[in-house]
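Predicted, not measured: the structure shown is a model, and the values here were computed from it.
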Amino acid sequence: MSIIEKALDKNRARPPLPEGTTEQAAAPQATAREPERWREPVSQEASIDFAWLRKQGLIVPGDQRASVAEEFRMMKRPLLNNAFGRHAAMRIPKGRLIMITSALPGEGKTFTSVNLALSMAMELERTVLLVDADVSRPAIPRTLGFHADLGLMDVLSEPDIQIPDVLLRTNVENLTVLPAGRPHGRSTEILASDVMRDLVDDLHDRYEDRIILFDSPPLLATSEPGVLATHMGQVVMVVEADRTPASTVERAMHQLDSCGVVLTSLNRAAPGLGGHYYGGSYYGSEREHGPGAAVR
């Protein structure tokens with residue numbers, strides 16, 4: 001039984017079976033699939049502060065023509081194509097699991113994670129789960145303008161805490177947040193555990209319409225993102241223009257060899273032709289250059 005299914009059983013009141021009735025006989029016939037809008041029971045809600053988003057230069061729902069919204073529309077498209085390509089044969093395995101990271105702190109990975117989540121939540125027939133996986137220095141709740149206590153690390157380390165206990169439904173339609181939770185001294189080992197693998201598989205497999213974004217620690221600051229990358233279908237590597245040396249980026253890239261699709265995003269670059277900010281993309285184990293990804 002999966003982690004989420006256990007949680008559902010915990011929250012579901014079950015009347016006693018009639019005498020002589022077996023569990024199998026009493027169970028209702030399974031349907032082909034659950035309703036499209038069914039989601040894990042979420043006990044908490046978090047209100048995103050739109051004024052705070054605007055002050056930080058982030059995407060604000062409703063400000064559809066803002067330049068930052070246009071830039072992330074371009075950036076999200078190859079990620080969504082990899083995850084939901086029209087032809088199943090062209091889709092990246094587990095392409096709906098996307099990690100956003102950087103080589104060094106301060107390059108804009110959380111800025112990118114939040115904007116991608118907000119932009120993808122605007123897609124029709126898509127839902128987004130934003131996971132704060134930077135468990136040592138969590139920043140997602142603060143960036144969105146609310147407070148969170150329990151989260152990912154608590155689910156992984158405390159058997160009595162389940163996913164529905166920590167998910168936060170937001171006031172942005174189709175966007176849910178899984179906070180990092182309380183810090184743990186063995187976070188790297190926990191993220192590498194079978195419990196983490198099972199949790200990621202549950203989150204991925206339960207809903208075919210859901211994108212799961214992981215805001216990861218910087219690759220060269222801790223060993224955790226290298227472990228997390230082993231679970232991912234795609235990785236976005238944020239690089240700050242005119243700051244991060246190429247040799248540093250190359251060292252960080254070596255930690256992503258387990259992930260077949262790695263896209264890079266050039267952050268804080270000077271405007272190019274047409275007023276956009278261009279980055280580069282790398283695909284496959286050889287990291288061949290592909291189409292650009294735009295980000296501010």
Side-chain angles (χ1 to χ4, degrees), residues 46-84 96 98-124 126-134 137-146 168 170-177 211-216 218 234-244 262-281 290-296:
S47 180
I48 295 175
D49 186 337
F50 290 179
W52 178 236
L53 296 182
R54 187 174 290 109
K55 185 176 181 179
Q56 297 174 92
L58 294 162
I59 291 174
V60 178
D63 295 355
Q64 299 296 320
R65 308 317 300 180
S67 60
V68 67
E70 291 294 335
E71 290 161 10
F72 277 90
R73 282 193 182 97
M74 290 188 289
M75 184 177 181
K76 72 180 176 181
R77 196 54 53 197
L79 296 167
L80 292 173
N81 288 341
N82 287 339
F84 301 104
R96 294 184 286 110
I98 304 173
M99 183 177 92
I100 297 91
T101 188
S102 59
L104 302 171
E107 296 195 76
K109 66 174 184 63
T110 299
F111 178 90
T112 302
S113 299
V114 170
N115 277 318
L116 274 177
L118 290 166
S119 185
M120 288 180 173
M122 298 175 193
E123 292 286 310
L124 299 177
R126 299 282 178 254
T127 61
V128 179
L129 175 60
L130 177 58
V131 181
D132 195 343
D134 194 345
R137 299 182 64 185
I140 294 297
R142 181 176 69 252
T143 303
L144 292 174
F146 60 81
L168 299 176
T170 74
N171 54 326
V172 173
E173 187 176 6
N174 299 328
L175 175 60
T176 301
V177 174
I211 284 279
I212 308 168
L213 300 174
F214 292 80
D215 183 40
S216 159
Q234 304 187 74
V235 174
V236 176
M237 174 81 163
V238 179
V239 180
E240 184 174 352
D242 301 322
R243 176 196 170 199
T244 310
V262 180
L263 296 90
T264 61
S265 172
L266 196 61
N267 192 28
R268 301 190 183 101
L273 295 176
H276 295 297
Y277 300 81
Y278 290 97
S281 300
V295 66
R296 193 171 71 151

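Atom CD of Q234 sits about 5.0 Å away from atom CG of L79, to the nearest 0.5 Å. Here CD1 of I212 is found 5.5 Å from CG of L129. Values are rounded to the nearest 0.5 Å. Atom CD1 of residue I100 and atom CG of residue L213 lie 4.5 Å apart, to the nearest 0.5 angstrom. Atom CE in M237 sits 12.0 Å away from atom OG1 in T112 (nearest 0.5 Å). Rounded to the nearest 0.5 Å, atoms CZ (F111) and CG (L116) are 10.0 Å apart. With rounding to the nearest 0.5 Å, the separation of CE in M74 from CD in E70 is 7.5 Å.
Shown here for N267 and G108, the closest heavy-atom pair between the two residues is ND2-CA, 3.5 Å. Considering all non-hydrogen atoms of both residues, S113 and D215 come closest at OG-OD1, 3.0 Å. Across A121 and L175, no two heavy atoms sit closer than the pair CB-CB, 4.1 Å. Smallest separation of non-hydrogen atoms from P218 and A103: CB-O, 3.7 Å. Heavy atoms only, all atoms of each residue included: A83 and R96 are closest at CB-CG, 3.7 Å. Taking each heavy atom of P61 and F50 in turn, the nearest pair found is CG-CZ, 3.9 Å.
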Could you go step by step and tell me if V114 and F72 meet the side chain to side chain contact (heavy atoms under 4.5 Å, CB included) rule? CA-CA 10 Å; V114 170; F72 277 90; over 6 Å; no
Dump the intermediate steps for side chain to side chain contact (heavy atoms under 4.5 Å, CB included) on L144 and T170, then the final yes or no. CA-CA 10 Å; L144 292 174; T170 74; 5.5 Å; no
Check the pair T176, T127 against side chain to side chain contact (heavy atoms under 4.5 Å, CB included), reporting the backbone distance first and the verdict last. CA-CA 8 Å; T176 301; T127 61; over 6 Å; no
Set out, in order, the CA-CA distance, both residues' side-chain angles and the distance that settles side chain to side chain contact (heavy atoms under 4.5 Å, CB included) for L58 and V68, then state yes or no. CA-CA 7 Å; L58 294 162; V68 67; over 6 Å; no
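For the pair F146 and S47, the minimum side-chain heavy-atom distance is 4.5 Å or more.
Partners of R137 by salt bridge (Lys or Arg N to Asp or Glu O under 4.0 Å), not counting sequence neighbours: none found. Scanning for side-chain hydrogen bond (donor to acceptor under 3.5 Å, both in side chains) contacts around R142 gives an empty result, with sequence neighbours left out. Listed by chain and number, the residues in a side-chain hydrogen bond (donor to acceptor under 3.5 Å, both in side chains) with D134 are K109 (sequence neighbours excluded). By the side-chain hydrogen bond (donor to acceptor under 3.5 Å, both in side chains) test, T244 is found to be paired with E107, residues two or more places apart in sequence or in another chain being considered.
A donor-acceptor pair is defined here as one N or O able to donate and one able to accept, closer than 3.5 Å; no such pair exists between the side chain of S119 and the backbone of N115. Remark: the backbone N or O of T143 is paired with a side-chain donor or acceptor of Q56 at under 3.5 angstrom. For N174 (side chain) and V128 (main-chain N/O), no donor-acceptor pair under 3.5 Å exists by modelled atom type. Looking only at distances, a side-chain donor or acceptor of D132 sits under 3.5 Å from a matching main-chain atom of I140. Between the side chain of N171 and the backbone N or O of I48 there is at least one donor-acceptor pair closer than 3.5 Å. S216 places no side-chain N or O within donor-acceptor distance of the main-chain N or O of T101, the cut-off being under 3.5 Å.
Screening residues 49-58 for salt bridge (Lys or Arg N to Asp or Glu O under 4.0 Å) gives R54-D63 as the qualifying pairs, with residues at least two apart or on separate chains.
Taking a cutoff of 4.0 Å between a charged side-chain nitrogen and a carboxylate oxygen, E123 and R126 do not qualify as a salt bridge.
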